Q: 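Mind having a look at this structure? Questions to follow.
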Amino acid sequence: MFKTLIKSVREYKVPSILAPLFVMLEVILDVIIPLLMARLIDNMKTSDVKMMIILIVLLLAGASLALLFGFLSGKFAAQAASGFAKNLRKDMFYKIQEYSFENIDRFSASSLVTRMTTDVSNMQMSYGLIIRVAVRAPFMLISSIIMAFTVNKTLALVFCCVVPVMLITFGFIIKFAMKLFKSVFKKYDKFNESIQENINGIRVVKTYVRESYEQEKFNRASDSLRKDFTKAERIVAINNPVMQGAMYIVFMAITIIGAHICINTANQVTPDLTTGQLQSLLTYGIQILFSVMILSQIVVMLTISFEGGRRISEVINEKSTLANCDNPIYEVKSGSIEFKNVSFKYSKTAEKNALENVNLTIPTGSTVGIIGGTGSSKTTLVNLISRLYDVTEGELLVDGINVKDYDLKTLRDNVAVVLQKNVLFSGTIAENLRWGKENATLEELEEACKLSCADEFINRFPDKYETYIEQGGTNVSGGQKQRLCIARALLKAPKILILDDSTSAVDTKTDAVIRDGFKKFIPETTKIIIAQRIASVEDADMIIVLDGGKINGIGTHKELLKSNDIYKEVYDVQVQNKGGNE
């Protein structure tokens with residue numbers, strides 16, 4: 001974990017080194033200043049004005065330098081910690097872009113969001129503590145103890161009594177609090193997932209007047225988090241009173257014993273302990289015990305952050321289940337597709353295959369329709385073509401070559417998929433369309449939109465192609481969103497075009513116009529259309545009927561009406577419904 005995280009420091013190595021360096025310089029001055037103060041206090045008895053002036057100048061210079069070094073250490077620590085957090089987010093985000101659907105399914109979207117926000121924020125705070133405070137506290141502790149021993153060994157031993165208390169408290173906090181913080185982070189993932197689900201489905205929530213139900217669900221999840229945090233904080237709360245109690249006891253002991261030594265040896269030529277030395281010992285005592293308290297707080301913070309660091313390193317170290325072969329092919333010449341005894345399951349532990357023994361040949365430029373009930377694995381079948389998942393058994397060939405032998409980017413550039421869940425991003429219509437072709441001209445945008453019948457509503461907008469699309473495309477209708485997504489896919493000029501139920505929100509007339517345009521303008525592109533309406537696929541060169549992950553029938557519309565019961569049943573129901581509606 002630590003090796004993984006430390007790699008994200010990168011260009012912030014210099015401030016990461018300078019911050020603890022200036023901290024140590026600051027500490028050196030902080031432990032010298034009490035000695036100068038002791039000399040100044042003791043020198044007042046002799047009324048040596050010259051020495052007093054020298055000591056005052058040295059004190060002012062030391063305090064000024066300590067202030068400067070403290071400022072510089074804080075500045076460099078802030079740069080290093082914020083830069084480290086920036087690189088962590090970048091490394092995680094870039095890694096997620098490489099993930100296959102299988103990797104994303106394993107983590108879940110809500111968990112990835114939590115790791116990139118809450119966990120990274122905790123790591124930023126921890127890193128800042130480590131390179132500054134976590135260096136200062138132990139260095140101050142050791143330096144102050146050494147200086148205390150140079151002043152008076154007997155009293156210095158009193159300070160050492162706090163160490164066992166510190167270790168026992170630290171061990172207790174680490175042992176019990178860590179378990180609770182682990183459970184808190186897991187609940188955070190579920191909590192964020194619930195919020196994300198509610199926001200995404202807010203229209204459904206309001207339509208069904210389920211606000212009170214969602215509020216109760218939110219309150220339960222929030223209260224569960226509160227209880228776990230309360231348990232953890234109760235344990236952590238032990239830290240301060242224990243440390244403060246130890247500090248007060250030590251101060252009382254130092255004051256009583258020190259005062260006794262000062263009084264009893266005051267008349268000696270060389271007293272065992274002067275007033276100035278007692279004052280310096282009390283200062284060192286404050287420094288020692290304050291360092292102990294800071295160390296305990298650091299342990300608490302690191303205990304919280306340790307789990308976050310582990311979760312972050314999991315994301316960075318995760319290897320995509322999809323990768324290029326050693327010598328990938330960088331050209332897809334045609335859009336022919338062949339499934340050879342293909343079976344697929346979503347996880348190795350799954351008991352049943354989602355697809356079972358699929359054998360299928362699709363010639364270049366043909367139009368193929370796929371029909372099947374819910375859960376028949378229609379989407380799963382087409383996801384294998386662009387390697388969103390890899391087949392579990394068998395072979396999938398594009399242009400006669402196994403898809404695993406292609407460069408992944410090359411393959412996906414030649415397979416355009418309009419997914420079942422259409423997604424538009426915040427930005428103009430033109431910016432969304434150029435996801436298909438980054439440098440597409442306005443004429444190319446217009447041509448693609450004509451083919452997808454999107455031009456008719458775009459031209460009604462005052463800003464036309466510069467019309468701003470809200471996040472998720474909330475300011476356009478479902479049918480408009482589908483047509484924009486089709487246009488975006490067409491701009492890729494793909495060898496294979498897959499429409500996954502992506503005309504379900506447009507009327508049958510527009511659907512027919514779009515399909516007719518495909519025949520005329522992209523005849524060499526292999527077109528695969530998943531649809532619920534038979535009208536969307538009845539003129540296809542080939543129609544595939546899927547049932548339970550298996551091919552139930554293959555043929556043209558007329559052939560399937562005669563030979564396939566499932567297809568005929570769906571057709572009869574839709575024709576009757578159409579007649580009834582008329």
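Quick note: numbers below take in every heavy atom, side chains included, and nothing from hydrogens, waters or symmetry partners. Predicted model, so just to flag it, every value in this text is computed and none were measured.
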Q: If we only count heavy atoms from C-beta on, is the I551 to I544 side-chain gap below 4.5 Å?
A: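 Touching, per the 4.5 Å side-chain cut-off.
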Q: Just checking, any donor-acceptor pair under 3.5 angstrom between side chains of Y389 and T380?
A: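 No.
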Q: I want to check something: taking the side chain as every heavy atom from C-beta on, are F107 and E318 in contact at a cut-off of under 4.5 Å?
A: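 Side chain of F107 against side chain of E318, heavy atoms only: contact under 4.5 Å found.
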Q: Within the structure provided, determine whether D405 and N402 are in side-chain contact (heavy-atom separation under 4.5 Å).
A: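 Yes, their side chains come closer than 4.5 Å.
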Q: Return yes if some donor-acceptor pair links the side-chain N/O of T230 with the main-chain N/O of R226 below 3.5 Å, else return no.
A: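 Yes; at least one donor-acceptor contact below 3.5 Å.
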Q: Determine, for Y94 and K90, whether the Lys NZ or Arg CZ falls below 6.0 Å from the six-membered ring centre while staying within 45 degrees of the axis.
A: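 That pair qualifies as a cation-pi contact.
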Q: Pair K404, R387 - check side chain to side chain contact (heavy atoms under 4.5 Å, CB included), show working.
A: CA-CA 8 Å; K404 294 180 182 179; R387 278 198 80 192; 4.2 Å; yes
Q: Out of R10, K7, K86, which residue meets the side chain to side chain donor-acceptor pair (under 3.5 Å) rule with D91?
A: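 Exactly one pass, corresponding to R10.
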Q: Under the criterion side-chain hydrogen bond (donor to acceptor under 3.5 Å, both in side chains), I'd like the reasoning laid out for T379 against D500: C-alpha separation, chi angles, the key distance, then a yes or no.
A: CA-CA 7 Å; T379 299; D500 187 357; 2.8 Å; yes
Q: Is the backbone N or O of R220 less than 3.5 Å from a side-chain atom of S224, with the two atoms forming a donor-acceptor pair by type?
A: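 It does not hold such a pair.
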Q: Going by heavy atoms in the side chains, are T526 and L497 under 4.5 Å from each other?
A: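 They are not in contact (no side-chain heavy atoms under 4.5 Å apart), so the answer is no.
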Q: Grab the two heavy atoms, one from S452 and one from I486, that are nearest each other, plus how far apart they are.
A: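 S452 and I486 have their closest heavy atoms at CB-CG2, 3.8 Å.
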Q: Given the rule in the ring-ring contact (aromatic ring centres under 6.0 Å, His included) test, do Y330 and Y406 qualify, once you have shown the distances and angles that lead to the verdict?
A: CA-CA 6 Å; Y330 291 92; Y406 282 110; 9.8 Å; no
Q: If I compare all heavy atoms of G308 with all of D119, which pair ends up nearest, and what's the gap?
A: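 Heavy atoms of G308 and D119 come nearest at CA-CG, 3.9 Å.
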Q: Looking at every non-hydrogen atom in both residues, tell me the closest pair between M542 and I554 and how far apart they are.
A: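 Taking every non-hydrogen atom into account, CG-CG2, 3.6 Å.
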Q: Any chance the side chains of R115 and S111 put a donor and an acceptor closer than 3.5 Å?
A: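 Their side chains do contain a donor-acceptor pair, which is all the 3.5 Å distance test asks for.
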Q: Please lay out, stage by stage, how D516 and K519 fare under the test salt bridge (Lys or Arg N to Asp or Glu O under 4.0 Å).
A: CA-CA 5 Å; D516 188 57; K519 284 184 178 180; 5.9 Å; no
Q: Would one find more than 12 heavy atoms of other residues, nucleotides or ligands at under 6.0 Å from atom CZ of F93?
A: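 12 or below, so no.
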Q: Which heavy-atom pair separates A19 from A77 by the least distance, and what is that distance?
A: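 So the two residues come closest at CB-N, 3.7 Å.
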Q: Counting only heavy atoms not in D223, do more than 12 sit closer than 6.0 Å to its CG atom?
A: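 Enclosed.
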Q: Output, in order, the C-alpha distance, side-chain angles, deciding distance and verdict of side chain to side chain contact (heavy atoms under 4.5 Å, CB included) for L424 and V476.
A: CA-CA 10 Å; L424 294 176; V476 290; 4.2 Å; yes
Q: Kindly indicate, with the supporting measurements, whether the criterion side chain to side chain contact (heavy atoms under 4.5 Å, CB included) is fulfilled by N552 and L546.
A: CA-CA 5 Å; N552 184 268; L546 281 177; over 6 Å; no
Q: What are the two closest heavy atoms between I316 and S8, and how far apart are they?
A: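 The pair with the smallest heavy-atom distance is CD1-OG, 4.5 Å.
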Q: Has Q480 got a side-chain atom pairing as donor or acceptor with S477's backbone, closer than 3.5 angstrom?
A: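 Yes, Q480 side chain to S477 backbone: donor-acceptor pair under 3.5 Å.
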Q: E356 versus F344: any side-chain heavy-atom pair under 4.5 Å?
A: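 No. Closest side-chain heavy atoms not under 4.5 Å.
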Q: More than 12 heavy atoms of other residues, nucleotides or ligands under 6.0 Å from CD of E524: is that the case?
A: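 Open.
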Q: Is the side chain of S334 donor-acceptor paired with the backbone N or O of D399 at a distance under 3.5 Å, no angle test?
A: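 Absent.
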Q: Does the side chain of I514 come within less than 4.5 Å of R483's, by heavy atoms?
A: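 Counting from C-beta outward, R483 and I514 do come under 4.5 Å.
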Q: Can you tell me if CE on M125 sees more than 12 non-hydrogen neighbours from other groups inside 6.0 Å?
A: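 Not buried by this count: 12 neighbours or fewer within 6.0 Å.
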Q: Let me know which of V391, I337, D390 forms a side-chain contact (heavy atoms from CB on, under 4.5 Å) with L384.
A: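 Testing L384 for a side-chain contact (heavy atoms from CB on, under 4.5 Å) against V391, I337, D390 leaves exactly one candidate, V391.
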Q: Answer yes or no: is there a side-chain heavy-atom contact under 4.5 Å between T467 and F457?
A: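 Side-chain contact under 4.5 Å: no.
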Q: If you apply the rule salt bridge (Lys or Arg N to Asp or Glu O under 4.0 Å), what do you find for K550 with D547, and how did you get there?
A: CA-CA 5 Å; K550 298 179 180 179; D547 182 36; over 6 Å; no
Q: Is there a side-chain contact between L491 and L433, using heavy atoms and a 4.5 Å cut-off?
A: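 Yes, their side chains come closer than 4.5 Å.
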Q: Does any N or O in the side chain of N383 come within less than 3.5 Å of the main-chain N or O of L388, such that one atom is a donor and the other an acceptor?
A: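 Here the side-chain-to-backbone pair does not exist.
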Q: Go through K527 and L499 one step at a time and tell me if the side chain to side chain contact (heavy atoms under 4.5 Å, CB included) criterion holds.
A: CA-CA 8 Å; K527 298 161 282 290; L499 304 179; over 6 Å; no
Q: Please determine, by modelled atom types, if D413 and T410 share a side-chain donor-acceptor pair under 3.5 angstrom.
A: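 Side chains of D413 and T410: no pair found under 3.5 Å.
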Q: Can you see which heavy atom on I543 is nearest to which on A540, and at what distance?
A: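 Nearest pair, atom of I543 first, then A540: CG1-CB, 4.2 Å.
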Q: Checking E446 against K450 for the salt bridge (Lys or Arg N to Asp or Glu O under 4.0 Å) test, could you report, in this order, the C-alpha distance in whole Å, the side-chain angles of both residues, the deciding distance, and whether it holds?
A: CA-CA 6 Å; E446 290 173 344; K450 284 179 183 176; 5.7 Å; no
Q: Taking atom types as modelled and ignoring hydrogens, do the side chains of S16 and Y127 form a donor-acceptor contact shorter than 3.5 angstrom?
A: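 Looking only at side-chain atoms, Y127 and S16 do form a donor-acceptor pair, the distance falling under 3.5 Å.
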Q: Just by distance, with hydrogens left out, do S343 and N357 show a side-chain donor and acceptor under 3.5 Å apart?
A: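 Side-chain D/A pair, S343 to N357: absent.
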Q: Any chance NZ of K217 has more than 12 other-residue heavy atoms, nucleotides or ligands included, within less than 6.0 Å?
A: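 Check passes, neighbour count above 12.
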Q: Do the side-chain N and O atoms of T321 and S100 include a donor-acceptor pair separated by under 3.5 angstrom?
A: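 Indeed, the side chains of T321 and S100 share at least one donor-acceptor pair under 3.5 Å.
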